[in-house]
Amino acid sequence: MALRKSGVIALFDVDGTLTSPRKVVTLKMLQFMKELGKVVTIGVVGGSDLVKISEQLGQSVITDYDYVFAENGLVAYKVGQLIGTQSLKTFLGETNLKEFINFTLHYIADLDIPIKRGTFIEFRSGMINVSPIGRNCSQEERDEFERYDKVHNIRPKLVSILREKFAHLNLTFSIGGQISFDVFPQGWDKTYCLRYLNDFSEIHFFGDKTYKGGNDYEIFESERTKGHTGKHEDTVAQCTSLFLAN
């Protein structure tokens, strides 16, 4: 059996990279990642909380991978053990949070889009997730909103307004997935997880939204990583070429 490459880690975005958007990982991908894990350290980093990552990658996700970084690494696991957490509530304070949430909900309430569902704001440990349509929509409604958003720029317009309104809070706005965007303090993007990877001299990152404004952009562009762009169907081919060809 091949020995693991020392000092090298392959780090993967979840949604859109290891899976189709909001879909469960395929058995074929799971088997491939298991084989990849024999030759290189592997980790996953997602903007979602651990519950949603587990829904896509399996309930044993924190033991299936060497590193699991939920909420961009604000909740971090190494070989199944919790190694770090960060709290948005403690960092921003209740007054700032309430002002941001109230303003955003008022904006969405007045927003005229074809349909709305429930859960427009989801409060997570280290970030706020904002969805103009509401996270309780069906997959079909997700797909419809994504197409609508590409034409009408619903999310980019809201991000622009919030960025100006709350400039004093030094927040980062990251559009990801089909229906929402994440809000967190500057520096709390996916590069946050890199603080746990100082033992690695070579960090390969694989993501689908690596363009400016996408939620993989900062870590893709980081001087500490070697960035690779591709959707889930490309991930296997790229990893095979990089790590398994020889």
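All residue numbers in this chain count up from 1 along the given sequence. Since the model is a prediction, treat every value here as computed from it, not as a measurement.
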Applying the 4.5 Å side-chain criterion to the ILVMFWY set and letting contacts propagate, would Val79 and Val39 be lumped into a single cluster? no

Leu197, Ile42, Thr225, Asp199 screened by side chain to side chain contact (heavy atoms under 4.5 Å, CB included) with Ile9, the one that passes: Leu197

I'd like to check Val159 versus Val130 (side-chain heavy atoms, cut-off strictly below 4.5 Å). Are they in contact? no

Would you kindly say whether Gln178 and Glu141 are connected by a side-chain donor-acceptor distance under 3.5 Å? no

So does Gln186 get a backbone contact from the side chain of Asp189, meaning a donor-acceptor N/O pair under 3.5 Å? no

Could you measure the distance from the CD atom of Glu221 to the OH atom of Tyr211? Nearest 0.5 Å is fine. 14.0 Å

For the backbone of Thr229 and the side chain of Gln238, can you confirm whether one donor and one acceptor N or O come within less than 3.5 Å of each other? yes

Rounded to the nearest 0.5 Å, how far apart are CZ of Arg224 and CD1 of Ile203? 4.5 Å

Verify side chain to side chain contact (heavy atoms under 4.5 Å, CB included) between Lys190 and Phe69, making sure each step is shown before the conclusion. CA-CA 9 Å; Lys190 286 181 180 176; Phe69 300 113; over 6 Å; no

Does any part of the side chain of Phe100, heavy atoms only, come nearer than 4.5 Å to the side chain of Asn96, both counted from C-beta? no

Do Val75 and Phe123 share a hydrophobic cluster, counting only Ile, Leu, Val, Met, Phe, Trp and Tyr and linking them when any side-chain heavy atoms are less than 4.5 Å apart? no

Could you check Cys137 against Ile179 for side chain to side chain contact (heavy atoms under 4.5 Å, CB included), going step by step and ending with a plain yes or no? CA-CA 9 Å; Cys137 58; Ile179 62 168; 3.9 Å; yes

Would you say the side chain of Asp13 lies within less than 4.5 Å of the side chain of Thr210, judging by non-hydrogen atoms? no

Residue pair Phe205, Leu194: steps toward the side chain to side chain contact (heavy atoms under 4.5 Å, CB included) verdict: CA-CA 11 Å; Phe205 172 76; Leu194 298 178; over 6 Å; no

Same cluster or not: are Ile161 and Ile133 linked, directly or through other Ile, Leu, Val, Met, Phe, Trp or Tyr residues, by side-chain heavy atoms under 4.5 angstrom apart? yes

If you define the side chain from C-beta out and look only at heavy atoms, does anything of Ser131 sit under 4.5 Å from Phe145? no

Does a side-chain heavy-atom distance below 4.5 Å link Phe243 with Val8? yes

Please work out which of the three classes, parallel, tilted or perpendicular, describes the rings of Phe12 and Phe206, given edges at 30° and 60°. parallel

Assign the ring pair Trp188 / Phe91 to parallel, tilted or perpendicular, where the plane angle (0 to 90°) is split at 30° and 60°. tilted

Out of curiosity, does Val40 fall in the hydrophobic cluster containing Val236 (side-chain heavy atoms, cut-off under 4.5 Å, transitive links)? yes

Is there a side chain to side chain contact (heavy atoms under 4.5 Å, CB included) between Asp149 and Ile113 once you walk through the steps? CA-CA 10 Å; Asp149 190 40; Ile113 58 177; over 6 Å; no

Following the transitive rule for hydrophobic clusters with a side-chain heavy-atom cut-off under 4.5 Å over Ile, Leu, Val, Met, Phe, Trp and Tyr, establish whether Leu158 and Ile101 coincide in one cluster. yes

In this structure, CG of Asn136 is separated from CZ of Arg117 (nearest 0.5 Å) by 9.5 Å

So does Gln81 have more than 12 non-hydrogen atoms from other groups sitting under 6.0 Å from CD? no

Would the Phe166 and Phe103 ring centres measure less than 6.0 Å apart? yes

A side-chain contact here means heavy atoms from C-beta on lying under 4.5 Å apart; do Met29 and Thr19 qualify? no

NZ of Lys231 to CG of Asp234, rounded to nearest 0.5 Å, is 8.5 Å

Under 4.0 Å between a Lys/Arg side-chain N and an Asp/Glu carboxylate O for Glu55 and Lys52? no

Rounded distance [0.5 Å steps], CG in Leu88 versus CG in Leu74: 8.5 Å

Please find the pair of heavy atoms, one from Asp49 and one from Glu71, that lie closest to each other, and give the distance. CB-OE2, 3.6 Å

Is there a donor-acceptor pair under 3.5 Å between the side chain of Lys116 and the backbone N or O of Ile108? yes

Quickly, which of Lys38, Arg4, Lys78 forms a salt bridge (charged side-chain N to carboxylate O under 4.0 Å, His left out) with Asp66? Name it, please. Arg4

Ignoring hydrogens, what is the shortest heavy-atom contact between Tyr192 and Asn72? Give both atom names and the distance. CB-O, 3.6 Å

Kindly say whether Arg135 contributes a backbone atom to a donor-acceptor pair with the side chain of Thr119 at under 3.5 angstrom? no

Does Thr17 use its side chain to pair, donor to acceptor, with the backbone of Asp208 at less than 3.5 Å? yes

Can you find a side-chain donor-acceptor pair between Ser174 and Asp182 that sits under 3.5 Å? no

Measure the spacing between CD1 of Ile121 and CG of Leu105 and express it to the nearest 0.5 Å. 4.0 Å

Closest non-hydrogen atom pair, Asp15 against Ser20: OD1-O, 3.7 Å

Heavy-atom closest pair, residues Leu11 and Cys193: CD2-SG, 3.8 Å

Does either side chain, that of Ser222 or that of Thr191, offer a donor lying less than 3.5 Å from an acceptor on the other one? no

Treating Arg124 as the side-chain partner and Gly47 as the backbone partner, does any N or O pair qualify as donor plus acceptor under 3.5 Å? yes

Within-4.5 Å side-chain heavy-atom neighbours: Leu30 and Met33: no

What do you reckon, is NE2 of His106 surrounded by more than 12 foreign heavy atoms closer than 6.0 Å? no

Which heavy atom in Arg163 sits nearest to a heavy atom in Phe173, and how many Å separate them? CA-CE1, 3.6 Å

Tightest non-hydrogen contact, residues Asp64 and Ser60, listed as OD2-OG, 2.8 Å

